Amino acid sequence: MNKEDNTFDFLVEYISAKVVEWLVKEKNIGLEEALLLFHNSETFEKLCERKTDMYIESPGYVYEIFNQELKRGTIRGLTD
């Protein structure tokens, strides 16, 4: 694994951890539920795709996109 791969993996994990932390606090749900909710989302899927460059955004931005997905049921139209 090269440095670029390590950086990508670190950023995805860091952003994911922050989003899950905020979900637990703001939605008053358990850690397992928050992990499942985020990891089964379109937002997480896009975060894990290098070509979207979502991994270089702030955790707050990704969290807002995720909240929009929760409200709308999709992130389509937000990222196209």
Side-chain angles (χ1 to χ4, degrees):
M1 196 178 267
N2 64 32
K3 184 178 178 181
E4 189 175 300
D5 290 336
N6 286 339
T7 301
F8 173 78
D9 291 342
F10 172 80
L11 290 171
V12 168
E13 288 194 31
Y14 173 74
I15 292 169
S16 297
K18 295 304 286 182
V19 169
V20 168
E21 176 186 339
W22 293 331
L23 279 172
V24 168
K25 287 180 182 175
E26 292 183 13
K27 307 285 188 206
N28 198 27
I29 60 177
L31 178 60
E32 186 175 349
E33 184 178 354
L35 284 165
L36 286 171
L37 191 62
F38 185 60
H39 284 132
N40 289 307
S41 70
E42 281 184 67
T43 304
F44 181 73
E45 182 181 314
K46 296 296 182 189
L47 176 63
C48 293
E49 291 178 20
R50 282 182 193 263
K51 68 182 179 182
T52 66
D53 287 337
M54 199 175 220
Y55 68 97
I56 62 173
E57 299 291 349
S58 72
Y61 175 81
V62 175
Y63 185 65
E64 286 304 313
I65 294 292
F66 179 65
N67 276 320
Q68 289 299 314
E69 178 183 351
L70 289 177
K71 289 177 189 169
R72 297 171 73 179
T74 184
I75 63 171
R76 293 193 198 326
L78 291 176
T79 59
D80 294 335

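Positions are given from 1, in the same order as the sequence printed here. Heavy atoms only: backbone and side chains are in, while hydrogens, waters and symmetry mates are out. Treat the numbers as computed from the prediction; the structure is a model and nothing was measured.
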Practice prompt. Might you work through the side chain to side chain contact (heavy atoms under 4.5 Å, CB included) test for V12 and R50, ending with a clear yes or no?
Written response: CA-CA 10 Å; V12 168; R50 282 182 193 263; over 6 Å; no
Rounded to the nearest 0.5 Å, what separation is found between the [atom1] atom of [X] and the [atom2] atom of [Y]?
| X | Y | atom1 | atom2 | value |
| --- | --- | --- | --- | --- |
| D9 | D5 | CG | CG | 6.5 Å |
| Y14 | T7 | OH | OG1 | 15.0 Å |
| L23 | N67 | CG | CG | 7.0 Å |
| L47 | S41 | CG | OG | 8.5 Å |
| N6 | E4 | CG | CD | 10.5 Å |

Fill in: Closest contact, heavy atoms only, V24 versus A34
CG2-CB, 3.7 Å
Response to the item:
Between E42 and G73 the two heavy atoms that sit nearest each other are OE2-O, 4.1 Å
Worksheet entry | Cluster check W22, L36: I/L/V/M/F/W/Y, side chain < 4.5 angstrom | no
Worksheet item: For the residue pair F66 and Y63, does the interplanar ring angle fall in the parallel (under 30°), tilted (30 to 60°) or perpendicular (over 60°) class?
Response: tilted
Worksheet entry | For F44, ring pair (Phe, Tyr, Trp, His ring centres under 6.0 Å) partners two or more places apart | F38, H39
Item to complete: Please list, chain by chain and in numerical order, all residues satisfying ring pair (Phe, Tyr, Trp, His ring centres under 6.0 Å) with F8, sequence neighbours excluded.
Response: Y55
Worksheet item: Any side-chain heavy atom of I65 within less than 4.5 Å of one from M54?
Response: yes
Worksheet item: Does the side chain of L37 come within less than 4.5 Å of K27's, by heavy atoms?
Response: no
Worksheet item: For atom CG of N28, is the number of surrounding heavy atoms from other residues, nucleotides or ligands below 6.0 Å larger than 12?
Response: no
